[in-house]
Number of protein chains: 2
Amino acid sequence: MEPNILTGSFQLMKSLNRSVILNTIRKKGGISRADIAKTTKLTPPTVSNLVKELLETEMIIETSLGVSSGGRKPTLLTLNSDMFHVIGLDIGSHHLKIILTDINGRIRKKQIHPIPDSITNEGLLDLMITSIYAIQKNEQIDRNKIIGIGIGMHGIVDVDQGVSVFAPNLKLKNIGIKDALEKEFQMVVQIENDARAMSLGELWFGNGHGDDSIVCINVGRGIGAGIIINGQVFRGEHYISGEIGHMAIDLNGPKCTCGNYGCLQTFASGPAIVESLKKELKLGESSILSNKENEIDGEVIYQAALAGDLLSKNILNKAGRYLGVGVTNLIHTVNPKRIVISGGVSNAKEFILESVKKTIEQRALTDSAKQTEVIISKFGADATVMGAIALILAQLFATPGNT
Amino acid sequence: MEPNILTGSFQLMKSLNRSVILNTIRKKGGISRADIAKTTKLTPPTVSNLVKELLETEMIIETSLGVSSGGRKPTLLTLNSDMFHVIGLDIGSHHLKIILTDINGRIRKKQIHPIPDSITNEGLLDLMITSIYAIQKNEQIDRNKIIGIGIGMHGIVDVDQGVSVFAPNLKLKNIGIKDALEKEFQMVVQIENDARAMSLGELWFGNGHGDDSIVCINVGRGIGAGIIINGQVFRGEHYISGEIGHMAIDLNGPKCTCGNYGCLQTFASGPAIVESLKKELKLGESSILSNKENEIDGEVIYQAALAGDLLSKNILNKAGRYLGVGVTNLIHTVNPKRIVISGGVSNAKEFILESVKKTIEQRALTDSAKQTEVIISKFGADATVMGAIALILAQLFATPGNT
DNA sequence: GTTAATTAAATATAATTATAAACTATAATG
DNA sequence: CATTATAGTTTATAATTATATTTAATTAAC
């Protein structure tokens, strides 16, 4: 069947305006009815009526009176952030991270649970359910004031069905997460690929407020990108948009786990960096890591580089240059306003970011493309779980018609 | 200043519904008021009122009576395609092609003008203006029933300003096309990059009716892609989305005109194919083109391949494989539903398409990605000019709010 | 061939919501 | 303390869609 066509009706008109007002309050935070009318170009009575309704739902509250510039003092309105809460999960390769936030995304509680090796679908679902109960324990929070549960998950995710189709790092397939959690908790549940969740988190909580187009690149065990266009997560036809880890950049390069040669993640992922360094050590390069081959992981290399180890620095720089090639390809394809780099490898920002930028400067076609903003995520290891929160908030504050 | 926020109002409600009805008539072609009400879920009186208005504007007409299935015969409505017309231009490297169509995109007249070498900005604008006058000559068409002029142009185009920022093949910069033509003709003028125009044309007139996500790849002197997401042309932040000709796929590959190495268009563009064949000839490969080095161009190679020349076939196949690598990178980034290949090189479809498909089959990550539809444009050399028409039609039939 | 049922379209009335204009409340200013 | 500026509310009105009813035109059944 055709999807429902969006037609104009009184309900649409009203819900659109209510949403516009709610979002204005969210963005400006502490704004009077009169100012809402000015910025939205709605008339004062319309604003007053809808604000009254929003006050009744307790989504917003009247706070202090503002300062007057000659006339009645404005009554300032803000989101009622103490009332409503959101739960976010980040399902990684070894750990499940869960947070509880208010609707401004301020973290109230954070917990981490290890994920046992060779876990089953049912085991993972059980772990998720118990962790969701656990984080609510001893919290003075009305259960039906929890708006929803957002989940960021690596691998391929069918957002509409709410299924983790393939989670390679856990070796699991077809986990029916949404159905299971909705049945258990009777609230909104939304699951999304980790890089895409991150990118939405970056849009909501990062510097990129608004309707921008941004790309968030998650560089860790693999490399994945989340693409935001006009403020909407872009998923592609089969939920594999942004799978840039397997972008071919050097057809004569090393063999990748996918079977092809020269994929981006054979150069710039965490494992690739470790391999690259080990190989140099075997070739006899001198380094402070020379006799510690078994202890080497990404963090160790980063610390060595910080301590001044030239080989470690060079290896990280090289990874940055390759990442820059991939990023430039993305700029020439998606041409976003801003690119945010996150994930484990982005920890080594001092040694990565500059070489990414230099590579873009060198390779990008036009001056404007060269000036594409490239930053490191400010959320560090919390990027995915904040993105999971953003999934629910994006839905809560969505404008009618913009699915 | 902030862009205007979209708020609900009676005008919006009405114009949304009018647009929904108009588009329903356009898509279904020959549909009764009652059926419109059913498919749109608008009520019959609403439909009747808006249909009355649309009849008054002469945008639609009542045609025959349909067949009854027990009851009054339905009055069928269609677009009044004989009344309104659109002009489309394709500004290529050597020729200006111009067509006049009705609002169903049916071509009424087509003309081609050569573009002199070393033309100036003013010269090109003059040529455009005279060609637009010329195509209207001897046509029984009401001047103010021409809806607009669409222009597809290679290079980088600033759609909002209506300026061709950089047209490398004509060696021109900053041609203020929109302003000049709007001043001369007082009607809607829209200019767009050729690949993006093509992609919109493919969406409107090709197999891909609807709100799909498709990518159209123009393989000629360069390689450019037009990306359509949710039925909207996607341009990127600096109008360079889809510039995949300079996607790095082989960092150790040949040097490109852009200064980098291993760009896609050093392998799969028209000039790259010609160079590649000439090189093989020099190396002594036998071919029916062996002593005709000066006559070789894309068309000659294609004809040779058709005539059974093995070298020509191999060269075209190889280009197809490289193109397939680029296309697979696109699938892993944008993940569209359908990919359409057009431009000069796509003429050699017998020798290109299969190797593109094989490469995707070999390299794509998931089964669903492997099944991405890849077709050759059915418009051939008319792809850009049909896209230019689509630019205007897309605007005419746009839903309010979806800019 | 008359009548009932069905479908299409128009019309009249009601309901919903935004808008405009008038009004009340409150504060700063001189 | 009057004047003026600003915030917010009330009332009346206008622009629409929605609902219910009516008219028209057919087909199908008896």
Side-chain angles (χ1 to χ4, degrees), chain A residues 4-22 24-25 28 30-56 60-78 400-401, chain B residues 4-22 24-25 28 30-56 60-78 400-401:
Chain A
N4 272 352
I5 305 168
L6 183 74
T7 50
S9 64
F10 296 110
Q11 290 120 55
L12 178 77
M13 193 161 60
K14 190 174 182 180
S15 66
L16 218 186
N17 287 341
R18 180 173 27 219
S19 164
V20 164
I21 291 173
L22 183 60
T24 307
I25 294 172
K28 300 277 165 71
I31 185 172
S32 68
R33 290 169 176 78
D35 275 351
I36 294 173
K38 269 172 213 148
T39 56
T40 61
K41 289 178 185 157
L42 291 166
T43 56
T46 303
V47 174
S48 279
N49 284 332
L50 292 171
V51 161
K52 191 189 285 174
E53 283 189 27
L54 287 169
L55 285 168
E56 278 163 12
I60 63 172
I61 46 173
E62 292 185 331
T63 53
S64 57
L65 295 182
V67 290
S68 160
S69 56
R72 176 172 166 178
K73 281 182 181 169
T75 317
L76 300 186
L77 303 164
T78 61
Chain B
N4 273 352
I5 304 170
L6 182 75
T7 50
S9 66
F10 294 104
Q11 288 124 55
L12 178 77
M13 196 161 56
K14 190 173 183 179
S15 65
L16 220 186
N17 287 341
R18 180 174 26 221
S19 165
V20 164
I21 290 173
L22 183 59
T24 306
I25 294 172
K28 301 276 166 71
I31 186 173
S32 68
R33 291 167 176 80
D35 274 351
I36 293 172
K38 267 172 215 149
T39 56
T40 60
K41 288 178 185 158
L42 290 165
T43 56
T46 303
V47 173
S48 279
N49 285 332
L50 292 170
V51 161
K52 191 189 286 176
E53 284 189 29
L54 288 170
L55 285 169
E56 277 162 11
I60 62 171
I61 46 172
E62 291 184 330
T63 51
S64 56
L65 295 181
V67 288
S68 161
S69 55
R72 176 172 166 177
K73 281 183 181 170
T75 318
L76 301 186
L77 303 163
T78 61

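The sequence lines fix the lettering, A, B, ..., with proteins before strands; numbering per chain opens at 1.
Note on Ser48(B): every side-chain N or O is 4.0 Å or more away from OP1 and OP2 of dT11(C). For the pair Asn17(B) and dT17(D), the criterion of a side-chain N or O lying under 4.0 Å from OP1 or OP2 is met. The phosphate of dA10(C) (OP1 or OP2) has a side-chain N or O of Arg33(B) nearer than 4.0 angstrom. At the phosphate of dA18(C), neither OP1 nor OP2 sits under 4.0 Å from any side-chain N or O atom of Thr7(B). A close approach under 4.0 Å does not occur between any side-chain nitrogen or oxygen of Ser9(B) and OP1 or OP2 of dA15(D).
Side chain of Ser19(A) to main chain of Ser15(A): no donor-acceptor pair is present (N/O by atom type, distance under 3.5 Å, no hydrogens or angles). Checking side-chain atoms of Thr46(B) against main-chain N and O of Leu42(B) turns up no donor-acceptor pair under 3.5 Å. A donor-acceptor pair under 3.5 Å is formed between the side chain of Asn17(A) and the backbone N or O of Gly8(B).
Counting heavy atoms from C-beta on, the side chains of Leu77(B) and Arg33(B) come closer than 4.5 Å. Side-chain contact between Leu12(A) and Leu16(B) is present, with heavy atoms from C-beta onward closer than 4.5 Å.
Lys52(B) has its NZ atom 13 Å from the P atom of dT17(D), to the nearest Å. Between Ile21(B) atom CD1 and dT16(D) atom P the separation is 14 Å, expressed in whole Å. Separating the CD atom of Glu53(A) from the P atom of dT16(C) is a distance of 12 Å, rounded to the nearest angstrom. Computed from coordinates, the Leu76(A) CG to dA7(D) C1' distance equals 11 Å when rounded to whole Å. Rounded to a whole Å, the NZ atom of Lys73(B) is 6 Å from the P atom of dT26(D). Between Glu62(A) atom CD and dA7(D) atom P the separation is 15 Å, expressed in whole Å. Taking atom CE of Met13(A) as the reference point, atom C1' of dT17(C) lies 4 Å away to the nearest angstrom. Rounded to whole Å, the distance from CG on Asn49(B) to P on dA10(C) is 9 Å.
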### Query
Can Ile31(A) and Leu76(A) be said to form a side-chain contact (heavy atoms from CB on, under 4.5 Å), step by step?
CA-CA 5 Å; Ile31(A) 185 172; Leu76(A) 300 186; 5.8 Å; no

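Comparing Ala34(B) and Gln11(A) by the nucleotide of DNA chain C whose heavy atom lies nearest to each, the residue mapping closer to the 5' end is Ala34(B).
Using a 4.0 Å heavy-atom criterion, one finds that Thr43(B) contacts the bases of the nucleic acid, with or without backbone contacts as well. Residue Lys38(A) is in sugar-phosphate contact alone, with no base atom involved, counting any heavy-atom pair closer than 4.0 Å across all strands shown. Across all strands, Pro74(B) comes closer than 4.0 Å only to sugar-phosphate atoms, never to a base (heavy-atom distances).
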Distances under 3.5 Å between protein N/O atoms and the N/O atoms of nucleotides 20-24 of chain D, please, pair by pair.
none

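Applying side-chain contact (heavy atoms from CB on, under 4.5 Å) to Lys38(A) and the options Ile36(A), Thr40(A), Asp35(A) leaves one that passes, Asp35(A).
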